[in-house]
Amino acid sequence: MGVSGSGKSTVARAVQDKLGWELAEGDDFHPPENVAKMSEGTPLTDADRWGWLESLADWTGERDASGTPTIITCSALRRTYRDVLRRGGEATFFVHCTGDKHMILDRMNAREHFMPPSLLESQLDTLEPLQPDEEGMDVDIALPVDRIVAEVLARLGLG
Ligand SMILES: Nc1ncnc2c1ncn2[C@@H]1O[C@H](COP(=O)(O)OP(=O)(O)OP(=O)(O)O)[C@@H](O)[C@H]1O
Ligand SMILES: O=C(O)[C@H](O)[C@@H](O)[C@H](O)[C@H](O)CO
């Protein structure tokens, strides 16, 4: 989880390299209308997000039912969004990619992506950090990716 440009896909792919778990890229689950909206610089609303979140929970839930572990990249900005994702499996664990706004902006400006950097502010306004009763951890995106991955694996007891 984390705002656009915070490094979710980068970290997730690196964790996948270590664990071999199936990975779903949240961006690939958006309906075309959502992608069009974000591309033109309009933030998504809750109504735009519910179906998308449910499709991600369904994807992981189908695999969880047969004991297959998964990784999802999803901004999961609000607690209520994470409540939907948790329906995908009892052992859901969130890794929040978090760090300095200017660093995120610099990284967004340096990459090719449909998400315009102008939307970062609304992403940060919407963000609700993990609450104490939520299973998960924060990672500092100023660290090199391999350090972040090591922290995640250690926390999961898989290091
Ligand atoms: N720990 C890191 N150190 C240096 N660069 C990083 C790190 N993590 C990510 N990046 C770079 O920052 C940019 C944004 O990362 P990434 O695309 O993974 O973010 P994201 O959260 O998946 O974004 P979005 O939600 O918009 O798809 C990328 O160019 C990536 O290479
Ligand atoms: O909830 C949202 O506003 C969206 O999910 C965005 O966060 C994008 O999907 C993604 O982060 C951009 O690539």
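Residue numbers run from 1 in the order of the sequence given. Below, all heavy atoms of this structure are taken into account, side chains as well, without hydrogens, waters or symmetry copies. Order of listing sets the numbers, starting from 1, for every ligand and every atom in it.
Numbered from 1 in the order shown, with element, the atoms of ligand 2 that lie under 4.0 Å from a heavy atom of Met38 read 4 (C), 6 (C), 8 (C). Those atoms of ligand 2 with a heavy atom of Met115 less than 4.0 angstrom away are 6 (C), 12 (C). Interface of Lys8 with ligand 2, defined as ligand atoms under 4.0 Å from a residue heavy atom, comprises 11 (O). Each of the atoms 2 (C), 3 (O), 6 (C), 7 (O) of ligand 2 lies under 4.0 Å from some heavy atom of Gln123.
Ion pairing between a basic and an acidic side chain is recognised when a charged N comes within 4.0 Å of a carboxylate O; Arg13 and Asp17 show no such pairing. By the 4.0 Å N-to-carboxylate-O rule, Glu151 lies too far from Arg155 to be salt-bridged with it.
Evaluation of the side chain to side chain donor-acceptor pair (under 3.5 Å) rule for Gln123 yields no partner, not counting sequence neighbours.
For ligand 2, the polar-atom distance check finds no N/O of Trp52 at less than 3.5 Å from any of the ligand's N/O atoms.
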Solution key, residues 34-41 side-chain donor-acceptor pairs under 3.5 Å, sequence neighbours excluded:
residue : atom : partner : partner atom : Å
Asn34   : ND2  : His30   : ND1          : 3.2
Asn34   : ND2  : Asp48   : O            : 3.0
Lys37   : NZ   : Asp48   : OD2          : 2.6
Ser39   : OG   : Val35   : O            : 2.6
Glu40   : OE2  : Thr42   : OG1          : 3.4

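Residue nearest to atom 4 (C) of ligand 2, selected from Pro43, Ser75, Ser6, Ser4: Ser75 (by heavy-atom distance).
A donor-acceptor contact shorter than 3.5 Å links the side chain of Trp52 to the backbone of Gly26. Between the side chain of Lys8 and the backbone N or O of Val3 there is at least one donor-acceptor pair closer than 3.5 Å. A donor-acceptor pair under 3.5 Å links the side-chain atoms of Ser66 to the main chain of Arg63, judged by distance alone.
Of all protein heavy atoms, the one lying nearest to atom 10 (C) of ligand 2 is Asp27 OD1, 3.3 Å. The single protein non-hydrogen atom nearest to atom 1 (O) of ligand 2 is Arg49 NE, 2.8 Å, given as residue, atom name and distance.
Looking at Asp140 and Thr98, their side chains never come closer than 4.5 Å, going by heavy atoms from C-beta outward.
Among protein residues, Val3, Ser4, Gly5, Ser6, Gly7, Lys8, Ser9, Thr10, Asp27, Arg107, Arg111, His113, Ile141, Leu143, Val145, Ile148 come within 4.0 Å of ligand 1, judged on heavy atoms.
Pairs of residues two or more places apart, or lying in two chains, never qualify as ring pair (Phe, Tyr, Trp, His ring centres under 6.0 Å) while including a residue from residues 82-133.
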Practice task
Apply the test side chain to side chain contact (heavy atoms under 4.5 Å, CB included) to residues Trp21 and Thr68: give CA-CA distance (whole Å), side-chain angles for both, the deciding distance (0.1 Å), then the verdict.
Solution key: CA-CA 8 Å; Trp21 294 2; Thr68 302; over 6 Å; no

